[in-house]
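Reckoned from all heavy atoms, side chains included, excluding hydrogens, waters and symmetry mates. Here, residue 1 is the first one in the sequence, and each next residue gets the next number.
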Amino acid sequence: MLSTRGETYAKAGLANSYLGPPKPPFDKDNMHGVVSFGNAENFLMHNVMLEYIRTQVASDLDHTCLTYHEGPFGPRRLRAAMANHITTYFHPAAPISPDHLVFTNGVTSLNAICALSLTDPGDGILLGQPIYGSFNGDLRVPSSCQLIYTPFHGNDPFSPDAVARYEETFLQAREKGVTIRALLICNPHNPLGRCYPRETLEALLRFCQKYQIHIISDEVYALSVYGEDDSSDGFVSVLSIDPAPLGVDPSLINVLYGMSKDFAASGLRLGCLISRNQRFLQAVLSMRVATAVLEDRDFVDTFLEKSRRLLRSQRDLAARALEEAGIPYAQGGIAGFFLWVDLSKCLDKAIVASRGGWAAELDLSRRLQELGVEMSTGYAYHNEVPGWFRVIFSLEEESLKEGLSR
């Protein structure tokens, strides 16, 4: 009874991890519960955000939040609040106005909109390895586009030299008849937790201009950069780069942002597309909570300062535990809620020999689940080699320690 596209959704199993009876989580009342390193959420700041919403937002609701009067792109007040937020923290090279923003019900929906708007079936979107695994379901499934992954073969994927790798992959795809329509990056990166330097972003912009493809910069972790000394050190938004001296068409530049990561509010389902390409701006939903939060600059400053401090503390705790256990992890991470951990020495050698490294990685993932630890595999993140896992450290301290111990 489903369409061909509906069957594709069903077979993709996009909701499998959320279906079935919930597994009791570890807490002080259930010491044998599961510790999940799976979902990248800032659990450390939930109470702060919840208290703000309860005390500052509920009493401020009025009938305008229930109407369509301002259209499907998000209320003008919300778009103005987000434009001001982007101006304050992303340092755009050119002014950002409410007319450059539209909202959807989450960045996941924005990903689908990008793929549906920029590609025809069979067209390609270029990505690096590793990268956020759910882009497959978010982009490919709804649009029937192809995701073309770029290996770096040990080169630094954040250096300007990495652009040559992207170009190699682009040209190889073109030779096979695949038309690449866009380059998608995570900045800050998921799962590596690093930020792209300005010179690399400039090189990527020139690459996109050369081949007339869009750049989509997913910047949902922009303000969750804890750095080494300065909490704001490291992140450079693609919006902060003036495209004119580079000879880049500004209509090729698109940024995705939302409230889910930096504001510990994944459940609000609010995604924002920032673009000067008016034909590309389209959306479906908005939310009043975000407006109230973004308009309260004092709260935002205080919230982000505390969030960065807690993220840094929990990251250091996790890093120390891994180092004491002799478990390697990708270095240089200063953003996000995760560490990219190398458990390749734990792969079952017999399975590697008989069925390959990816089968051994799946076996290791199952063994970890039996110990009450859930986390994403390298295969799910399109890693180049098996044995790597993403560990979330933005958990309450007791849960983090328990999960690392296991």
Side-chain angles (χ1 to χ4, degrees), residues 70-104 107 110 113-114 117-118 182-188 195-206 208-209 212-225 231-259 261-263 270-283 285-288 290-301 303-304:
E70 296 184 24
F73 306 107
R76 183 79 182 182
R77 183 180 166 192
L78 172 60
R79 286 186 285 129
M82 180 61 84
N84 185 54
H85 176 75
I86 295 296
T87 299
T88 301
Y89 293 101
F90 288 54
H91 311 294
I96 296 294
S97 80
D99 294 330
H100 297 137
L101 283 69
V102 295
F103 285 84
T104 70
V107 177
L110 280 180
I113 287 173
C114 288
S117 301
L118 299 179
L183 166 68
L184 174 58
I185 63 172
C186 291
N187 182 33
C195 302
Y196 284 86
R198 182 175 294 273
E199 60 178 345
T200 302
L201 292 173
E202 291 177 350
L204 290 172
L205 286 172
R206 286 192 291 265
C208 290
Q209 176 67 27
Q212 284 297 287
I213 63 175
H214 285 260
I215 184 168
I216 304 168
S217 183
D218 182 338
E219 301 185 359
V220 294
Y221 291 100
L223 304 181
S224 297
V225 180
S231 62
S232 63
D233 181 51
F235 172 67
V236 176
S237 173
V238 73
L239 294 172
S240 71
I241 298 173
D242 186 355
L246 304 176
V248 174
D249 181 354
S251 68
L252 296 177
I253 302 171
N254 312 283
V255 169
L256 310 183
Y257 188 63
M259 303 290 286
K261 309 303 182 181
D262 290 341
F263 290 94
L270 188 75
C272 178
L273 169 65
I274 304 117
S275 176
R276 287 186 168 79
N277 189 327
Q278 290 299 315
R279 297 186 67 186
F280 187 39
L281 294 172
Q282 46 190 300
L285 186 65
S286 62
M287 195 164 290
R288 181 64 179 274
T291 309
V293 169
L294 293 172
E295 288 181 338
D296 191 339
R297 181 71 60 78
D298 290 339
F299 173 75
V300 170
D301 286 343
F303 181 93
L304 292 175

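In this structure, Gln209 and Asp249 have side chains that are in contact, with non-hydrogen atoms separated by less than 4.5 Å. Looking at Cys195 and Val225, their side chains come closer than 4.5 Å, going by heavy atoms from C-beta outward. Looking only at side-chain heavy atoms (C-beta outward), Arg297 and His85 stay at 4.5 Å or farther from each other. Side-chain contact between Leu273 and Tyr257: absent, with no pair of heavy atoms (C-beta onward) separated by less than 4.5 Å. Here the side chains of His214 and Leu183 are not in contact, with every heavy-atom distance at 4.5 Å or above. Proximity of Asn254 to Ile215: side-chain heavy atoms (C-beta onward) are nowhere separated by under 4.5 Å. In this structure, the side chains of Ile185 and Ile216 stay at 4.5 Å or more apart for every pair of heavy atoms. Using a 4.5 Å cut-off on side-chain heavy atoms (C-beta onward), Leu78 and Leu101 make no contact.
Across Ser97 and Ala83, no two heavy atoms sit closer than the pair C-CB, 3.9 Å. Of all heavy-atom pairs spanning Glu295 and Ala81, the tightest one is CG-CB, 3.8 Å. For Gly258 against Val220, the heavy-atom pair with the smallest separation is N-CG1, 4.2 Å. For the pair Asn187 and Leu201, the tightest heavy-atom approach, listed with the atom from each and the gap, is ND2-CD1, 3.9 Å. Closest non-hydrogen pair, Arg198 versus Val236, comes out as NH2-CG1, 3.6 Å.
Between Phe90 and Phe235, the ring centre distance stays below 6.0 Å.
Atom CD1 of Ile86 and atom SG of Cys272 lie 6.0 Å apart (nearest 0.5 Å). In this structure, CG in Asp262 is found 10.5 Å from OH in Tyr89, a value given to the nearest 0.5 Å. To the nearest 0.5 Å, atom CE of residue Met82 and atom NE2 of residue His100 are 15.5 Å apart. Here the CG-SG distance, from Leu252 to Cys208, works out to 7.5 Å after rounding to the nearest 0.5 Å. Summarising the geometry, atom CD1 belonging to Ile241 is positioned 8.0 Å from atom CD1 belonging to Ile253; distances are rounded to the nearest 0.5 Å. Expressed to the nearest 0.5 Å, how far CD of Glu199 lies from CG of Leu204 amounts to 11.0 Å.
A side-chain donor-acceptor contact under 3.5 Å links Ser237 to the backbone of Leu239. Side chain of Glu202 to backbone of Pro197: no donor-acceptor contact under 3.5 angstrom is found. Using a distance-only test at 3.5 Å, with no hydrogens or angles considered, no donor-acceptor pair links the side chain of Thr200 to the main chain of Tyr196.
Put simply, the residue from Val293, Val300, Asp298, Leu294 that forms a side-chain contact (heavy atoms from CB on, under 4.5 Å) with Asp296 is Asp298.
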